[in-house]
Amino acid sequence: MRRRPMCILCLLLMFGIWTADCLGLPLFRERPLSESQERQWLEETVTVRGILQEKVEKETSFSIYLKNAVLTFPSKTIPIKNTKIYMEEKIPFPRGTILSVRGILHGIDAPRNPGEFDNPVYYETQGIYYTMSGGHVLAYSGNPVWYEKKMEDFKERLSVCFGRIGGKYAGIFQAMLLGDKSGLDPQIKSQYQMAGIIHILAISGLHLSILGSGFFQILKRVGAGNGLAGILALAVMIPYGVMTGSSVATMRSVIMFLIGIGAKISGRSYDLLSSLSVAAILILLECPACLYYSGFQLSFGAVLGLGWILPILQEAWKDSPLAAPFLGAVSVHLVMIPLLLHSFSEVSVLGIFLNLLVIPTVGGVLISGLAGVAAGLLSLSAGKLLILPGKVLLAVYNGLGDLCCRFPFCTWVGGKPEFWQIVIYYLLLIFVMEFLRRSQNSRKTWKKIWKGMLAALYVLSLAVLGWKDCSGLRITFLDVGQGDGIVLEDQGECYLIDGGSTSQSMVGTYRILPFIKSRGISKIQAVFVTHTDEDHCNGVMEILKAQTAHTTSVRVKRLVLPAWQEKPETYVKLEGLAEKAGIPIFYVRRGESLKIKDLRMSVKNPGPESDPEDTNGGSIVLQMEYGEFRGLFTGDIGEEQEREILGGVQKCTLLKVAHHGSKNSSCEEFLKKVHPWLSVISVAEENLYGHPHPAAVSRLKKWSKEVRMTKEDGAIQVWTDGRKMKVKSFTGF
């Protein structure tokens with residue numbers, strides 16, 4: 001077996017970073033400000049000075065990135081690396097301008113729910129530890145570096161040109177060739193992710209390999225030697241990488257391309273895994289947090305599959321020409337499964353087959369796009385003609401992607417695996433690959449045996465990765481900000497009670513669905529919408545829209561609504577969305593009950609006399625029984641409804657506090673009757689309503705043994721086997 005010292009050094013560095021983080025030692029990842037400085041300046045108005053690196057304009061916000069930023073005080077400055085600032089208004093200054101900006105300094109919020117995107121790690125990979133809101137420019141100075149300004153202007157010209165010649169595919173071309181995803185249709189992004197081809201929307205090693213290697217070969221064909229061709233190729237590719245955002249995948253590809261060119265010039269052999277290890281070492285030394293960043297893991301994991309597993313599979317199946325086209329995709333797939341599950345909780349099944357078409361042809365999209373935009377700068381007609389082949393290929397990708405997403409088995413929702421599950425998977429993979437490699441010179445019978453073992457262990461490994469503890473009843477109160485989102489899991493079946501927020505945008509996409517997927521759930525048996533206020537249903541509406549568009553791997557089976565005689569506008573919209581998605585609707589009122597395996601639910605509200613104008617009072621109230629465990633979910637009812645249902649409710653173990661702990665809910669008489677062991681309030685830390693009201697909290701503490709709030713604990717999870725109960729906050733998952 002070939003020795004690769006750089007691979008060993010890379011593994012030791014990764015292990016050192018991980019060990020130091022586990023032990024809480026700031027050997028590799030030291031924050032710019034100390035804990036005392038953060039306590040002093042976070043959430044305070046301060047002044048930051050730095051070099052304008054990027055401007056980002058969205059529909060509802062305008063932000064800038066400053067590099068080499070410092071906090072400025074009358075007598076000192078304190079470096080804080082880079083920072084992201086949300087501005088009060090747009091600014092005209094070009095890239096490279098030195099700005100002094102005043103605003104409120106914030107830390108970056110950690111995830112509040114399982115499965116939620118890890119913003120602190122993502123921003124740390126960009127050298128950003130703090131953000132600022134309400135920014136306004138106090139002063140500017142310095143002349144921007146001429147090449148930075150020219151590069152910014154040139155990128156803007158290219159973006160405008162793509163908009164003119166790309167038609168409805170302009171956003172995809174901008175993402176693929178400029179690293180600008182601002183014009184990308186979110187539906188296309190979701191579709192490509194489910195279909196397993198989202199990698200083509202990022203400036204990745206695949207792109208730079210095609211473009212860099214292609215340019216290098218062209219230079220060689222016109223007579224340039226290895227040295228000149230390599231230098232010219234690098235002179236183009238490095239600025240291109242910087243212009244398109246200097247992502248981890250881009251830097252990895254540039255470093256490996258540089259090593260490859262160096263090998264050609266010096267007449268040395270090129271080893272893919274050693275080159276990959278050098279790139280990883282350089283990136284991790286610059287930013288150790290990349291070790292935990294999905295972009296780093298996925299980019300390096302894909303190349304690792306090609307460098308480690310592909311040669312073994314090619315040798316094992318060298319006599320099987322029909323298998324040859326699949327081996328590259330399978331090699332990448334075997335390494336990437338745990339990484340994809342850890343990042344997204346799902347893996348595209350059909351993506352292996354779709355990539356057989358996409359990967360060989362994506363070079364045509366890139367070259368057509370580059371040729372089109374280059375010609376389009378001179379003549380729009382010529383640009384539209386040259387970009388046409390790329391648009392045809394994208395139309396094929398979109399059509400096949402949409403077709404794949406319509407199949408229920410398109411994506412496997414395996415959930416987010418635990419660390420031990422990932423370790424077992426890779427140990428099994430190493431075991432099989434090593435023995436398969438050693439059996440290459442064995443008799444044909446032994447080769448067949450090891451191939452069979454590879455398939456068997458692949459299935460076993462997937463079972464290990466996808467295993468989830470489904471025992472008992474699990475109730476999770478998600479932290480959705482100001483709103484409600486409650487997930488019930490009973491022996492592998494999932495139910496959602498409400499899903500909405502008025503303080504968090506896209507709560508269904510970014511908080512509810514990621515949690516459900518992280519638990520390995522692909523079907524929601526029923527969604528109960530207690531009432532139609534926005535903070536209880538806008539996330540549900542997102543999910544229904546995504547199901548209609550086939551851009552989510554999670555399917556809703558039923559929608560349950562309160563039986564109101566008169567239907568407000570939002571109620572009608574929910575019915576319409578469910579109808580478009582092909583979801584049956586059930587209407588419930590007081591006195592009805594539902595039996596689901598060991599779980600029994602009885603409806604205590606609304607009654608026949610519910611006033612449709614009082615949507616809060618018309619909320620569905622569910623009393624749940626699971627063995628000796630009893631829970632009560634009260635929507636947003638007030639004192640009047642609490643007194644109406646007193647005769648039908650019993651003492652409960654768990655109370656979902658009505659109306660986020662408002663002053664006019666959770667009255668003394670009601671709490672005395674239900675006398676909960678645990679009361680949970682779903683509420684945002686900062687809200688316009690003053691929830692929870694101190695008087696309501698005082699009453700709850702009087703009659704409950706324990707009161708918990710999502711604003712303090714993040715997601716709150718309750719587990720019961722019908723007798724005993726365990727309660728954990730998100731930090732305890």
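Only a predicted model underlies this, so the values are computations on that prediction, with no experimental measurement involved.
- Looking at heavy atoms from C-beta onward, F28 lies in side-chain contact with I17 at the 4.5 angstrom threshold.
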Query raised in the report: Passes side chain to side chain contact (heavy atoms under 4.5 Å, CB included), R511 versus E116? Steps please.
Result: CA-CA 6 Å; R511 298 211 174 187; E116 195 175 324; 3.8 Å; yes

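- The shortest distance between side-chain heavy atoms of V554 and K517 falls below 4.5 Å.
- Environment of NZ in K155: crowded, with over 12 heavy atoms of neighbouring residues, nucleotides or ligands closer than 6.0 Å.
- Judged by distance alone, with hydrogens and angles left aside, the side-chain atoms of S190 form a donor-acceptor pair with the main-chain N or O of P186 at under 3.5 Å.
- With rounding to the nearest 0.5 Å, the separation of CD in E489 from OG in S471 is 10.5 Å.
- For S368 (side chain) and L386 (main-chain N/O), a donor-acceptor pair under 3.5 Å exists by modelled atom type.
- The two residues L306 and G328 make their nearest non-hydrogen contact at CD2-O, 4.0 Å.
- Crowding of K468 atom NZ: a count of heavy atoms from other residues, nucleotides or ligands under 6.0 Å exceeding 12.
- Summarising the geometry of W308 relative to I430, their closest heavy-atom pair is CH2-CG1, 3.8 Å, with the distance given to 0.1 Å.
- Annotation: the span from R252 atom CZ to L282 atom CG amounts to 13.5 Å, rounded to 0.5 Å.
- In this structure a side-chain-to-backbone donor-acceptor pair under 3.5 Å is missing from Q174 to F162.
- In this pair, Y293 and Y122 present their aromatic rings tilted. The plane angle is within the 30 to 60° band.
- The existence of a salt bridge linking K189 and D185 is excluded, since no basic side-chain nitrogen approaches an acidic carboxylate oxygen closer than 4.0 Å.
- Atom-to-atom distance recorded for L284:CG and C290:SG is 6.5 Å, nearest 0.5 angstrom.
- Distance check: L350 CG to T411 OG1 gives 7.5 Å after rounding to the nearest 0.5 Å.
- Side-chain contact check for F173 versus V365: some heavy-atom pair is nearer than 4.5 Å.
- Shown here for W412 and L341, the closest heavy-atom pair between the two residues is CZ3-CD1, 3.8 Å.
- Counting heavy atoms from C-beta on, the side chains of I283 and I255 come closer than 4.5 Å.
- Distance check, rounded to the nearest 0.5 Å: CD1 of I172 to CG of L393 gives 11.5 Å.
- Here the side chain of S348 pairs a donor or acceptor atom with the backbone of M194 at under 3.5 angstrom.
- Around CZ of F15, the count of heavy atoms belonging to other residues, nucleotides or ligands within 6.0 Å does not exceed 12.
- A donor-acceptor pair is defined here as one N or O able to donate and one able to accept, closer than 3.5 Å; no such pair exists between the side chain of E434 and the backbone of F431.
- With a 4.5 Å cut-off on side-chain heavy atoms, I309 and M433 count as touching.
- Side-chain contact annotation: T361 with Y397, donor-acceptor N/O pair under 3.5 Å present.
- Under the 3.5 Å distance criterion, the side-chain polar atoms of Y292 are left unmatched by any main-chain donor or acceptor of Q297.
- In this structure, T548 contributes its side chain and L544 its backbone to a donor-acceptor pair below 3.5 Å.
- The two residues P338 and P417 make their nearest non-hydrogen contact at O-CG, 4.3 Å.
- Inter-residue side-chain proximity for L23 and W18 is flagged as unmet; no heavy-atom pair is nearer than 4.5 Å.
- Note: M336 CE to S299 OG = 8.5 Å, rounded to the nearest 0.5 Å.
- When only modelled atom types and interatomic distance are considered, S553 and E346 share a side-chain donor-acceptor pair under 3.5 Å.
- No side-chain heavy atom of M6 sits less than 4.5 Å from a side-chain heavy atom of L276.
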Requested in this report: Check the pair Y192 / N398 against side-chain hydrogen bond (donor to acceptor under 3.5 Å, both in side chains), numbers first and verdict last.
Outcome: CA-CA 8 Å; Y192 276 38; N398 289 358; 2.4 Å; yes

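- Of the possible donor and acceptor atoms, one in the side chain of D271 sits under 3.5 Å from a partner among the backbone N and O of S274.
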Requested in this report: Would you check, one step at a time, whether the test side chain to side chain contact (heavy atoms under 4.5 Å, CB included) holds for L388 with K384?
Outcome: CA-CA 6 Å; L388 185 60; K384 290 178 180 179; over 6 Å; no

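- Within a 6.0 Å radius of CD in E286, other residues, nucleotides and ligands contribute 12 heavy atoms or fewer.
- The shortest non-hydrogen separation linking C10 to S277 is CB-CB, 3.9 Å.
- The backbone N or O of V556 lies less than 3.5 Å from a partner atom in the side chain of Q547, making a donor-acceptor pair.
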Report task. Could you walk me through whether S159 and L178 pass the side chain to side chain contact (heavy atoms under 4.5 Å, CB included) test, one step at a time? Result -> CA-CA 8 Å; S159 183; L178 301 180; 4.1 Å; yes

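- Residues V487 and R474 fail the side-chain proximity criterion, which asks for heavy atoms closer than 4.5 Å.
- Of the possible polar contacts, one joining the N355 side chain to the G196 backbone as a donor-acceptor pair under 3.5 Å is found.
- With respect to the salt-bridge test (charged N to carboxylate O, under 4.0 angstrom), the residues E542 and K545 do not qualify.
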Requested in this report: In sequence, state the C-alpha distance, the side-chain angles, and the governing distance for F300 and V335, and then conclude on side chain to side chain contact (heavy atoms under 4.5 Å, CB included).
Outcome: CA-CA 10 Å; F300 280 83; V335 174; over 6 Å; no

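- A pairwise comparison of heavy atoms in C410 and C404 identifies CB-O, 3.0 Å as the closest pair.
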